[in-house]
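Have a look at the structure below before the remarks.
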Amino acid sequence: MNQNFFSDYFAKLQEMNQMWWKELDSGKAAMNTPLNKALNEISLEDTTEFIEKASAQPAVIAQLQMDWWENQMKIWQNVVMKNGDQSDFIQPEKDDKRFTDPAWENEAFYNYIKQSYLLFSNKMKESIESIEGLDEKAKERLSFFSRQAINALSPTNFITTNPELAKLTVESNGENLIKGMELLQQDLQSSADVLKIRMTNDAAFQLGENVANTAGDVVYKNHLFELIQYKPLTEKVNATPLLIVPPFINKYYILDLREKNSMVRWLVEQGHTVFMMSWRNPDASMYDVDFDDYVVDGVVKAVDVVEDITGEKQINAAGYCIGGTLLATALAYYSAKRMRSRIKSATFFTTLLDFSQPGEIGAYINDPIISAIEAQNEAKGYMDGRSLSVTFSLLRENSLYWNYYINNYLKGNSPIDFDLLYWNGDSTNVAVACHSTLLRQFYLENRLVDPKGFKVGGVYIDLAKIKIPTYFISTQEDHIALWQGTYRGARKLGGKSTFVLGESGHIAGIVNHPAKNKYGFWTNAKSSAEPETWLKGAKRQEGSWWGHWNEWMAGFEEAEAVDARSAGSDNYPVKCNAPGDYVMQKLPIEVSNVLQGQPEEV
């Protein structure tokens with residue numbers, strides 16, 4: 001190794017230690033947060049219950065221990081006696097990409113470590129599942145957090161037990177660790193309560209230039225959102241305009257990435273007049289902004305503006321994730337207020353309305369943890385989007401966290417240029433009141449599906465009163481909004497609903513440009529009470545679901561195409577070019593004085 005390696009490395013290590021101690025002293029480190037304390041308490045309670053139940057079932061524990069010992073001996077025999085064509089006794093899952101280096105297969109030392117680790121991982125999961133009488137919620141939390149701990153301790157995450165890292169460190173004279181330490185130091189400085197690992201080269205992307213660059217104009221702005229009207233790319237356009245409601249926990253340009261990956265551009269090319277809401281990135285001044293504010297001052301106001309600009313009395317609307325939840329709530333609000341039908345058809349991308357099946361995020365859904373999150377948010381004045389981003393990444397920890405940890409900090413590689421990952425790292429805060437409503441009233445208490453459970457503007461929201469045609473697109477591998485849950489939510493509405501299931505996950509399955517011809521989808525015109533029954537009778541179709549959706553919307557287009565529309569109107573003139581100001585807000589942000597003391601519309 002380079003003679004300066006140790007001195008350089010330990011100099012960097014000392015800088016890191018000083019940074020950690022500074023964070024500990026100022027109370028910023030994750031171990032001091034109310035959430036971390038609550039998680040520790042819940043974990044202790046669950047572990048205590050597990051031990052008590054297990055001690056009452058000694059035969060089960062004895063059998064598990066015997067199985068582990070016998071399999072450990074088989075691994076040893078497999079490694080010692082292995083010849084060229086013999087397979088490993090314990091194999092990783094098909095989607096587990098951690099052990100791809102040939103040394104994990106060909107070198108006895110690493111092969112033994114790999115198989116022993118996988119055996120331990122499997123037996124831990126089996127142990128939790130085997131104990132009878134354990135509370136189901138406790139079992140889910142034990143399974144989730146045990147998996148997190150086991151994957152954090154994977155031999156792939158350490159230099160001495162990862163053959164690829166050991167070889168790289170020797171060949172590079174330790175330069176990989178020096179570079180990795182520099183990247184870690186930079187990421188720590190830009191993180192909140194937990195380490196947020198960068199996934200891409202942020203310097204490679206500029207909003208309005210190579211992402212979020214579909215031509216358009218900001219035609220309205222208030223304290224919550226800016227409204228973008230995109231410029232037409234066809235001489236004639238559909239008479240019915242389309243309003244898109246993105247989630248306020250992310251930035252809208254996931255639907256307007258690079259040109260060949262932009263849903264917005266594709267929709268404009270199909271002749272749609274597209275309007276996009278761009279949410280403001282909350283700071284502490286938005287402490288009291290709640291979900292109903294996003295409905296009334298957000299979606300409902302946006303519909304008003306679109307109608308004024310286009311002169312149409314009805315529009316099509318689409319909502320993504322929690323943006324879809326907002327859209328459905330707005331539709332029910334119209335009905336409860338006995339207002340005229342403002343929306344002709346509504347589309348929901350990976351949208352939960354029934355939160356009874358939240359997926360792995362359910363590990364965090366209980367009163368003690370939610371109370372801790374609320375206390376933490378109240379102290380800050382907002383839910384820090386950087387911490388929220390890490391939470392979602394840790395739902396798929398091996399592919400969305402630890403692989404970047406290895407690549408950046410242990411290999412010393414700079415992240416690649418990837419527009420989707422750039423968007424993923426461009427986090428947004430969530431207002432305190434709104435975040436509490438989402439966690440407590442929706443996820444924990446599931447009030448949205450109760451006709452007398454949730455109010456907006458003084459009226460109860462009843463999803464069954466939504467009678468317009470709706471289109472639900474969910475994805476098979478979605479770990480944030482399980483498709484079975486979105487399917488059940490779709491059945492809560494009163495109108496005719498078309499459900500489509502795409503391949504891939506929460507993002508890639510939605511941002512699936514037809515030109516790529518990458519993922520297919522399933523359709524079934526016959527509705528069923530259970531999602532699995534629906535899927536058994538569904539037919540798989542090749543290509544992107546975008547075309548299927550476009551044809552579905554065309555079925556409600558009664559008027560002839562009209563001349564391409566200019567931007568804005570007398571009441572809502574153009575304010576500036578897209579992508580506007582709100583999407584440019586980066587974390588961390590300070591309290592903004594831009595809107596204080598000014599009217600709602602600015």
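Since this is a predicted model, take the numbers as computed values, not measurements.
Around atom NZ of K179, no more than 12 heavy atoms belonging to other residues, nucleotides or ligands sit under 6.0 Å away. Heavy atoms from other residues, nucleotides or ligands lying under 6.0 Å from CD of E445 number more than 12. Under a cut-off of 6.0 angstrom, the local environment of NZ in K518 is sparse, with at most 12 non-hydrogen atoms contributed by other residues, nucleotides or ligands.
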### Message
Determine whether N407 and K411 satisfy the following criterion, side chain to side chain contact (heavy atoms under 4.5 Å, CB included), listing intermediate values before the conclusion.
### Response
CA-CA 5 Å; N407 183 73; K411 292 184 179 180; 4.2 Å; yes
### Message
Using the rule given for side chain to side chain contact (heavy atoms under 4.5 Å, CB included), can you reason through T347 versus W552, listing the C-alpha separation, both sets of side-chain angles and the distance that settles it, and then say yes or no?
### Response
CA-CA 10 Å; T347 300; W552 178 84; 3.7 Å; yes
### Task
Evaluate side chain to side chain contact (heavy atoms under 4.5 Å, CB included) for N398 paired with N403, printing each intermediate quantity in order.
CA-CA 6 Å; N398 286 333; N403 64 319; over 6 Å; no
### Message
Between L439 and I365, does the side chain to side chain contact (heavy atoms under 4.5 Å, CB included) criterion hold? Intermediate values first, please.
### Response
CA-CA 7 Å; L439 291 181; I365 305 303; 4.1 Å; yes
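For R147, the salt bridge (Lys or Arg N to Asp or Glu O under 4.0 Å) criterion is met by E360, E397, not counting sequence neighbours. Residues forming a side chain to side chain donor-acceptor pair (under 3.5 Å) with Q541 (at least two apart in sequence, or on another chain): T523. Scanning for side-chain contact (heavy atoms from CB on, under 4.5 Å) contacts around V583 gives L207, K251, Y252, Y253, S278, P579, with sequence neighbours left out. Residues that satisfy the ring-ring contact (aromatic ring centres under 6.0 Å, His included) test with W483, not counting sequence neighbours, are absent from this structure. Applying the salt bridge (Lys or Arg N to Asp or Glu O under 4.0 Å) criterion to K231, with sequence neighbours excluded, gives D217. In this view, E542 and R540 satisfy the salt bridge (Lys or Arg N to Asp or Glu O under 4.0 Å) rule, not counting sequence neighbours. Under the rule for a side-chain contact (heavy atoms from CB on, under 4.5 Å), the partners of D101 that lie at least two apart in sequence or sit in another chain are A103, W104, P163, E164. Under the salt bridge (Lys or Arg N to Asp or Glu O under 4.0 Å) criterion, D187 pairs with R198, sequence neighbours left out. Y364 pairs by the ring-ring contact (aromatic ring centres under 6.0 Å, His included) definition with F144, F145, not counting sequence neighbours. Legend: residues meeting side-chain contact (heavy atoms from CB on, under 4.5 Å) with A317, ordered by chain and number and at least two apart, are L327, I343. Every residue meeting the side-chain contact (heavy atoms from CB on, under 4.5 Å) condition with T351, not counting sequence neighbours, appears here in chain and number order: T325, F348, L353.
Looking at heavy atoms from C-beta onward, M276 lies out of side-chain contact with L227 at the 4.5 angstrom threshold. In this structure the side chain of S504 never reaches within 4.5 angstrom of the side chain of T475, judged on heavy atoms. Here the side chains of F291 and F248 are in contact, with some heavy-atom distance below 4.5 Å. Side-chain contact between R440 and S371 is present, with at least one heavy-atom pair separated by less than 4.5 Å. Using a 4.5 Å heavy-atom threshold, the side chains of L535 and W522 count as touching. The side-chain heavy atoms of Y409 and M181, taken from C-beta on, include no pair separated by under 4.5 Å. A 4.5 Å side-chain heavy-atom check between I507 and Y320 finds at least one atom pair inside the cut-off. Between T350 and I510, some side-chain heavy-atom pair lies under the 4.5 Å cut-off.
In this structure a side-chain-to-backbone donor-acceptor pair under 3.5 Å is missing from S387 to A192. The backbone N or O of S436 sits nowhere less than 3.5 Å from a side-chain atom of D290 that would complete a donor-acceptor pair. Checking side-chain atoms of N261 against main-chain N and O of I254 turns up no donor-acceptor pair under 3.5 Å. Between the side chain of N201 and the backbone N or O of P415, no donor-acceptor pair lies under 3.5 Å. In this structure, the side chain of D354 does not engage the main chain of R488 through any donor-acceptor pair within 3.5 Å. Between the Y117 side chain and the I150 main chain, a donor and an acceptor come within less than 3.5 Å of each other. The main-chain N or O of L165 is found under 3.5 Å from a side-chain atom of T169 such that the two form a donor-acceptor pair. A donor-acceptor distance shorter than 3.5 angstrom exists from the side chain of S544 to the backbone of N512, with no hydrogens or angles considered.
The aromatic rings of H513 and W266 sit perpendicular to each other, their planes meeting at more than 60°, with 30° as the lower class boundary. Ring geometry for F349 versus W545: interplanar angle over 60°, hence perpendicular rather than tilted (30 to 60°).
In this structure, I473 and G502 approach most closely via the heavy-atom pair CD1-N, 3.8 Å. Smallest separation of non-hydrogen atoms from M286 and A431: O-CB, 3.2 Å. Annotation for W279 and P247: closest pair CD1-O, 3.5 Å, computed over non-hydrogen atoms. Closest heavy-atom contact between V300 and A330: CG2-CB, 4.4 Å. Listed here is the closest heavy atom pair of V299 and M277: N-CE, 3.8 Å. Counting all heavy atoms, side chain and backbone alike, Y230 lies closest to V268 at CB-CG2, 4.0 Å.
At least one cation-pi condition fails for K575 and Y220: the charged atom is not both under 6.0 angstrom from the six-membered ring centre and inside a 45 degree cone around its axis.
Between L184 atom CG and N408 atom CG the span is 9.5 Å, to the nearest 0.5 Å. To the nearest 0.5 angstrom, N250 atom CG is 8.0 Å from L388 atom CG. To the nearest 0.5 Å, atom CG of residue N424 and atom OG of residue S393 are 5.5 Å apart. Distance check, rounded to the nearest 0.5 Å: CG of N377 to OH of Y382 gives 10.0 Å. For the atom pair CD of E374 and CD1 of I369, the computed distance is 12.0 Å after rounding to the nearest 0.5 Å. The distance from the CG atom of L267 to the CG atom of L242 is 6.0 Å, given to the nearest 0.5 Å.
Pairs of residues two or more places apart, or lying in two chains, that qualify as ring-ring contact (aromatic ring centres under 6.0 Å, His included) and include a residue from residues 184-217 are F205-Y422.
With respect to D256 and R265, no salt bridge is recorded, no charged nitrogen being found less than 4.0 Å from a carboxylate O. A salt bridge is defined here as a Lys NZ or Arg NE, NH1 or NH2 lying under 4.0 Å from an Asp or Glu carboxylate O, and D581 with R280 fails to meet this definition.
For the 3.5 Å distance criterion, the side chains of K586 and N281 fail to qualify, holding no donor opposite an acceptor. Using modelled atom types, one finds no donor on one side chain facing an acceptor on the other under 3.5 Å when comparing N429 with H435.
Between H548 and Y471, the distance separating the two ring centers is shorter than 6.0 angstrom.
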